[in-house]
Amino acid sequence: MPELHLTNTLTRTKERFVPIDPANVRMYVCGPTVYQRIHIGNARPIIIFDILFRLLRQIYGEAAVSYVRNITDIDDKIIDQAKANGEPIEALTARTSEAFLADCVALGCLSPSHQPRATAHIEGMVQLIGLLVAKGHAYEAEGHVLFSVPSMPDYGQLSNRSRDEMVAGARVEVAPYKRDPADFILWKPSKDGQPGWDSPWGRGRPGWHIECSAMAEALLGPLPFDIHGGGLDLIFPHHENEIAQSRGAHDASAMARYWVHNGFVDMRGEKMSKSLGNVLRVDDALAIVPGEAIRFFILGAHYRQPLDCTPEGLREAEETLTRFYKVLELTGLGGPDDDEEGQPAAEFLAALSDDLNTPRAIAELHGLATRVFTAHIQERDPAGARGIALTFKASAKLLGLLNDDPAHWLRGRAGVDGPRIEALIEERRAARAGRDFARADAIRKQLADEGVELEDRKDGTTGWVQKRSAV
RNA sequence: GGCCCGGUGGCAGAGUGGUCAUGCAGAGGACUGCAAAUCCUUGUACGUCGGUUCGAUUCCGGCCCGGGCCUCCA
């Protein structure tokens with residue numbers, strides 16, 4: 001196995017990844033706050049860290065990797081959304097959580113080792129806050145408990161900003177109960193009608209950030225753990241504050257060793273975000289292309305780069321996957337009876353291990369696909385082609401791709417009327433037999449416009465393939 | 001204002017101090033009734049101005065343009 005390298009936000013450099021304990025590699029990734037369905041931008045870290053999870057399992061063994069991705073089901077946005085919907089909070093979070101998990105499955109993601117819910121970890125948060133108060137890193141004020149940023153002189157290392165810079169750039173009014181403008185809320189009082197839990201500071205609820213500190217240590221154990229991931233926009237304040245809380249409570253020098261952040265998905269050059277309203281929801285995208293195409297599209301750019309989301313891009317991803325499924329069908333792989341497992345190609349692993357360079361890994365996939373076609377069709381060497389295809393399949397699987405049955409992907413997707421296509425093929429066959437090529441070509445053209453490719457074989461039969469979804 | 005990214009051929013998108021990304025689209029060829037699929041071939045690409053260097057798209061600096069964080073956000 002090649003050495004894994006990751007870009008560490010903490011040091012702003014690409015570093016060799018060395019786990020604290022190779023027998024227990026630990027990763028925490030910030031999951032969604034469940035008040036709405038997720039969009040393509042939210043899907044990016046879900047997919048990227050699923051790839052990293054798979055790669056770590058490949059390197060260290062499946063049993064040696066713990067991956068925690070939380071669901072935050074208590075937050076003011078949730079309270080507001082439930083109110084706007086006129087439904088109980090529990091109904092909203094249950095429905096949205098379920099939809100989130102369904103989206104993850106549709107995108108081909110493995111289940112993380114643990115998917116904790118914040119509301120199941122309130123006790124841990126209260127304990128953590130208690131420790132922070134006891135150690136002088138937090139104080140109570142007007143029913144709130146706040147983290148004292150000046151109590152931690154080296155606060156701001158992850159986002160590379162000093163407390164003074166933060167305060168100078170602040171664009172929000174400072175709450176009067178804060179001792180320092182940079183202080184942030186750990187616990188806040190709940191009014192009647194708002195969800196709340198009893199605590200030493202009265203009935204209240206956690207502030208944003210503390211849930212991740214609590215869930216990470218509850219499920220991953222002593223600090224530091226190996227990898228903490230999430231979107232670029234979480235660096236500040238969320239991850240910076242998680243670090244402050246976790247380090248402060250445990251006098252630890254670090255919360256996690258490697259901080260990995262993905263770039264944004266853009267819409268016409270601007271960040272896709274709910275506040276801008278320029279979002280493409282995953283469930284809406286799924287109505288246009290299969291989930292695997294969304295996944296492949298996202299892997300088409302390096303995870304740290306911005307990625308512009310366009311319908312054309314999703315289409316191209318889908319058509320490329322069609323080419324890949326042809327490789328499997330040609331070599332008899334990927335079907336229900338296929339239990340042959342190959343090993344990922346060395347070059348492919350090298351690309352993936354180099355800071356998850358998925359575009360380079362995909363380029364390797366294209367190279368392997370071409371070699372399969374050449375061996376099978378040009379060189380008439382099915383056995384050789386199959387051998388390469390096994391490597392191809394194993395490589396693609398590491399990216400979480402090609403999970404469908406080729407026959408289903410190529411001819412069984414929604415919106416395709418197989419019998420009608422077969423009938424048109426038969427009509428075309430008859431036309432060709434009668435040398436009515438104009439009619440034969442018209443049929444081919446018509447189907448091509450619908451995204452259906454015809455392939456005339458040597459033996460006189462004609463096959464067909466659904467290149468893209470019929471929408 | 002502070003901090004941080006990025007500007008690569010028609011498009012998408014890697015990468016590198018001096019021979020190759022890759023894909024889509026385009027052109028030519030093999031194959032074909034013609035095609036399609038598949039394969040082969042093909043394109044004076046690296047924002048701009050300087051500097052370092054034998055040599056820079058790649059390193060350094062200025063500038064222009066775009067984006068992000070500093071407030072909820074993946």
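In what follows, chains carry the letters A, B, and so on, assigned in the order in which the sequence lines appear, proteins first and then strands, with residues in each chain numbered from 1.
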Checklist line | Salt-bridge criterion met for E87(A) and R95(A) (N-O under 4.0 Å) | finding: yes
Kindly give the atom pairs (protein nitrogen or oxygen, nucleotide nitrogen or oxygen) under 3.5 Å for nucleotides 3-8 of chain B.
| from | atom 1 | to | atom 2 | distance (Å) |
| --- | --- | --- | --- | --- |
| C3(B) | O3' | N160(A) | ND2 | 3.1 |
| C4(B) | OP1 | N160(A) | ND2 | 3.3 |

Review item, nucleotides 24-31 of chain B N/O atoms under 3.5 Å of protein N/O:
| from | atom 1 | to | atom 2 | distance (Å) |
| --- | --- | --- | --- | --- |
| C24(B) | O4' | E316(A) | OE2 | 3.3 |

Next item on the list: Give a yes or no on whether the ring-centroid distance for H366(A) and F324(A) is below 6.0 angstrom.
Entry: yes
Can I get a per-line list of side-chain donor-acceptor pairs under 3.5 Å for residues 31-40 of chain A, giving both atom names and the distance, sequence neighbours left out?
| from | atom 1 | to | atom 2 | distance (Å) |
| --- | --- | --- | --- | --- |
| R37(A) | NH2 | D103(A) | OD1 | 2.9 |
| R37(A) | NH2 | D103(A) | OD2 | 3.4 |
| H39(A) | ND1 | N42(A) | ND2 | 3.1 |

Check: Should K271(A) be listed as having a side-chain N or O under 4.0 Å from OP1 or OP2 of C69(B)?
Finding: yes
Check: Does the pair R413(A)/E318(A) count as a salt bridge with the N-to-O cut at 4.0 Å?
Finding: yes
Checklist line | Partners meeting side chain to side chain contact (heavy atoms under 4.5 Å, CB included) with D441(A) (sequence neighbours left out) | finding: R444(A)
Next item on the list: Name all residues meeting the ring pair (Phe, Tyr, Trp, His ring centres under 6.0 Å) criterion together with W409(A); count only those two or more places apart in sequence or in a different chain, and write none if there are none.
Entry: Y325(A)
Notebook entry, point to check: Heavy-atom count around R371(A) CZ within 6.0 Å, excluding the residue itself: above 12?
Noted result: no
Note to self: Quick check: do E422(A) and W464(A) have side-chain heavy atoms less than 4.5 Å from each other?
What the structure shows: yes
Next item on the list: State whether F49(A) and R69(A) meet the cation-pi test: NZ (Lys) or CZ (Arg) under 6.0 Å from the six-membered ring centroid, and within 45° of the perpendicular axis.
Entry: no
Next item on the list: Step through the shown structure and confirm whether more than 12 heavy atoms of other residues, nucleotides or ligands are within 6.0 Å of CZ on R12(A).
Entry: yes
Next item on the list: Check whether any side-chain nitrogen or oxygen of T370(A) sits under 4.0 Å from OP1 or OP2 of C39(B), and answer yes or no.
Entry: yes
Check: Between F264(A) and G67(B), do the rings stack, that is, sit under 5.5 Å apart with planes less than 30° off each other?
Finding: no
Item checked: Nearest-angstrom distance from the residue atom CZ of F373(A) to P of C40(B) -> 11 Å
Margin query: Once pairs are restricted to Watson-Crick or G-U wobble with both distances under 3.5 Å, how does RNA chain B read as a dot-bracket string, [ ] for crossings and | for other-strand pairs?
Written below: (((((((..(((.....[...))).(((((.......)))))....(((((..]....))))))))))))....
